[in-house]
Amino acid sequence: MEETWATSAGGADADTGDTGGTGGGVLGVDLHLETGGGASRHGVRKGLTDALREAVRGGRLAPGTRLPSSRSLAVDLGVARNTVADAYADLVAEGWLTARQGSGTRVVERAIAPPARPARPRRTGGAPRYDLTPGTPDLSTFPRAEWLKAVRRALAVAPPDALGFADPRGRVELRSALADYLARARGVRADPDRMIITAGFVHALSILGRVLKARGLPEVAVEAYGLGLYWNQLHRAGLRTVPLGFDERGTDVAGLTADDGRRRAPAKAVLLTPAHQFPMGVPLHPDRRAAVVDWARREGGVILEDDYDGEFRYDRQPVGALQGLDPERVVYCGTASKSLAPGLRLGWMVLPSGLWDEVLAEKEAGGASCGAVEQLALAEFLTSGAYDRHVRAARLRYRRRRDQLVAALAARAPEVRATGIAAGLHAVLELPPGTEQSVVQAAGWQHLSVHGLTSYRHPQSPPPEGGYGDALVVGYGTPAEHAWAGALEALCRVLPG
């Protein structure tokens with residue numbers, strides 16, 4: 001069977017009103033045709049007719065698609081023009097194509113049944129109607145109009161090299177804009193020349209994991225509660241993860257050292273969410289912030305800071321980035337996933353000088369880069385003030401939802417207490433002992449997707465003593481605006497009264 005790519009001019013035949021040619025005429029569609037049937041004119045005609053028919057039947061040529069002229073298609077395929085014209089005529093007669101004076105040859109405007117596909121297995125209980133799992137903002141409120149303006153403005157002034165092969169550090173326009181914003185809004189001591197743009201936090205963590213492994217580190221200390229996705233990234237790099245303790249003051253960083261100040265474990269790196277611990281929602285106590293920086297200085301350790309939702313705070317002053325205490329011991333990581341949308345695939349690292357060369361080399365070796373247009377657009381979004389306006393509006397919207405959640409709990413589930421709600425896009429709902437699994441199961445019956453706190457506990461972390469037992473982690477920022485009321489109602493129906 002012969003496979004042929006036909007790149008054809010967009011005109012139609014003279015007998016149907018076509019005006020296009022085959023030389024320097026208007027460029028048309030590309031057709032991938034598998035034309036078999038032998039070398040005879042009859043065989044070529046049959047092979048072409050069969051290939052076009054199958055393209056229409058299979059849906060590759062959609063209803064209404066205008067086909068190339070017989071003249072231009074014949075030139076591209078290296079066959080006689082009459083052969084193409086006869087194949088078109090056969091398919092017109094069969095009802096697959098239509099030819100009208102002035103409109104050329106087109107696929108008929110009717111529904112073509114696609115080839116049968118195996119049926120997908122159905123989920124037990126049906127797909128969730130409401131989603132309260134944490135991890136994304138309300139994507140229905142993405143600032144499409146403002147983002148489109150930013151794209152247009154950025155492209156209008158972008159130099160030609162912006163669309164060339166990517167700088168592994170990321171576009172300088174974005175690094176400069178982020179350095180100004182992070183210094184102002186998050187207290188980060190950021191230098192554009194010490195910053196690398198990534199495709200999100202997972203991408204950053206995978207790079208950092210490989211660098212730490214290459215340095216000979218056997219393990220990384222992590223928080224007792226967090227995302228298994230992040231721990232798995234470190235495991236893939238060949239590192240073990242060792243959980244630290246947790247209490248009302250946040251992660252217990254004393255687990256990094258013994259009482260006499262000597263290092264108790266081989267971990268020389270620790271992954272933290274100090275501004276708003278995920279998922280517990282408490283900030284790391286100031287004493288512990290100072291203690292973990294002292295440990296890093298004394299032991300030559302590295303702190304990996306995940307500042308995943310630092311812009312969203314409601315009832316307290318913002319907690320600045322830990323990186324501001326010692327930029328030479330903290331790798332600061334942030335993303336646009338919570339403030340804008342995870343689909344943008346934009347994140348950033350601000351690196352200590354001692355890690356810069358290794359991290360840059362590892363990123364370059366991996367070959368992954370972020371789209372230049374998205375980087376330029378975010379830079380414009382930041383410098384124009386549109387980012388700040390969007391974050392302020394989102395902060396008000398999410399605070400309103402948080403308040404509605406707390407009010408609904410007080411009215412309908414007074415035994416359930418919401419914690420970790422001074423900031424962020426999620427809350428922890430403390431449940432009566434022994435009820436977490438049954439509540440999650442009941443939520444499934446209500447077509448509500450919600451996660452229990454147990455699913456976020458590190459496998460090697462012992463069950464907590466005292467508080468933080470059975471609970472739900474509720475992402476109140478996730479539902480679309482129109483679905484929020486229904487999601488809240490479904491949640492209240494499954495909570496203990």
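What you see below is based on every heavy atom in this structure, not just the backbone, and it leaves out hydrogens, waters and symmetry mates. The chain is numbered in sequence order, starting from 1.
Remark: side-chain polar atoms of Glu436 are paired, donor with acceptor, to backbone N or O of Ala471 under 3.5 angstrom. Checking side-chain atoms of Arg186 against main-chain N and O of Val319 turns up a donor-acceptor pair under 3.5 Å. Side-chain atoms of Arg175 come within 3.5 Å of backbone N or O of Pro192 as a donor-acceptor pair. Not one N or O on the side chain of Ser176 forms a donor-acceptor pair closer than 3.5 Å with the backbone of Glu173. With hydrogens and angles ignored, the 3.5 Å screen pairs no side-chain donor or acceptor of Gln323 with any backbone N or O of Val188. Gln375 places a side-chain N or O within 3.5 Å of a backbone atom of Cys370 that can act as its donor or acceptor partner. Listed for the Arg402 side chain is a donor-acceptor partner under 3.5 Å among the backbone atoms of Ile421. Judged by distance alone, the side chain of Arg345 and the main-chain N or O of Ala199 form a donor-acceptor pair under 3.5 Å. Side-chain N or O atoms of Thr83 include none that pairs as donor or acceptor with a backbone N or O of Val79 at under 3.5 Å. A side-chain donor-acceptor contact under 3.5 Å links Thr478 to the backbone of Thr133.
Applying the 6.0 Å contact sphere to CD of Gln437 captures no more than 12 heavy atoms from other residues, nucleotides or ligands. With a 6.0 Å radius and a threshold of 12 heavy atoms from other residues, nucleotides or ligands, Arg144 has its CZ atom at or below the threshold.
Of the candidates Val107, Leu91, Val108, Val107 is the only one forming a side chain to side chain contact (heavy atoms under 4.5 Å, CB included) with Val56.
Arg106 and Thr65 are not linked by any side-chain donor-acceptor pair at a separation below 3.5 angstrom, with hydrogens and angles left out of the test. His458 and Thr241 share a donor-acceptor pair across their side chains, judged by distance under 3.5 Å alone. Between the side chains of His426 and Tyr476, no donor N or O sits under 3.5 Å from an acceptor N or O. Side-chain contact check for Gln277 and Glu223: at least one donor-acceptor pair (N or O, by modelled atom type) lies under 3.5 Å. If you check the side chains of Arg81 and Ser70, you find a donor sitting under 3.5 Å from an acceptor.
Ion pair Asp86/Arg45 flagged as a salt bridge, since at least one NZ, NE, NH1 or NH2 atom sits closer than 4.0 Å to an Asp/Glu carboxylate oxygen. The existence of a salt bridge linking Arg401 and Asp138 is confirmed by a sub-4.0 Å separation between a basic side-chain nitrogen and an acidic carboxylate oxygen. Salt-bridge formation is detected for the pair Lys46/Asp50: a Lys NZ or Arg NE/NH1/NH2 atom is positioned less than 4.0 Å from an Asp or Glu carboxylate oxygen.
Here the two rings, on Phe278 and Tyr308, have centers that are under 6.0 Å apart.
Checked against side chain to side chain donor-acceptor pair (under 3.5 Å), Gln233 has no partners two or more places apart in sequence or in another chain. Every residue two or more places apart in sequence or in another chain that forms a ring-ring contact (aromatic ring centres under 6.0 Å, His included) with Phe312 is listed here: Tyr398.
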Please step through salt bridge (charged side-chain N to carboxylate O under 4.0 Å, His left out) for the pair Glu311 and Arg395, ending with a clear verdict.
CA-CA 8 Å; Glu311 291 97 341; Arg395 191 183 298 140; over 6 Å; no
Apply side chain to side chain contact (heavy atoms under 4.5 Å, CB included) to residues Leu376 and Val151 and explain how you reach the verdict.
CA-CA 7 Å; Leu376 293 169; Val151 171; over 6 Å; no
Quick one: do Arg400 and Asp403 satisfy salt bridge (charged side-chain N to carboxylate O under 4.0 Å, His left out)? Show the steps, please.
CA-CA 5 Å; Arg400 182 170 62 251; Asp403 292 345; over 6 Å; no
I would like to know whether Trp348 and Leu174 meet side chain to side chain contact (heavy atoms under 4.5 Å, CB included); could you show each step before the answer?
CA-CA 10 Å; Trp348 42 88; Leu174 179 54; 5.6 Å; no
Could you give me the CA-CA distance, side-chain angles and deciding distance for His451 and Val440, then say whether side chain to side chain contact (heavy atoms under 4.5 Å, CB included) is met?
CA-CA 7 Å; His451 289 176; Val440 172; over 6 Å; no
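To the nearest 0.5 Å, the span separating CG on Leu355 from CZ on Arg194 amounts to 10.0 Å. Here OG1 of Thr335 is found 11.5 Å from CD1 of Ile197. Values are rounded to the nearest 0.5 Å.
Contact of the Leu212 side chain with the Leu239 side chain is registered, since non-hydrogen atoms from C-beta on lie closer than 4.5 Å. Looking only at side-chain heavy atoms (C-beta outward), Leu472 and Val428 stay at 4.5 Å or farther from each other. The closest side-chain heavy-atom distance from Leu182 to Asp307 is not below 4.5 Å.
Applying the ring pair (Phe, Tyr, Trp, His ring centres under 6.0 Å) test to pairs two or more places apart or on separate chains, those with a residue in residues 162-189 are Tyr181-Tyr387.
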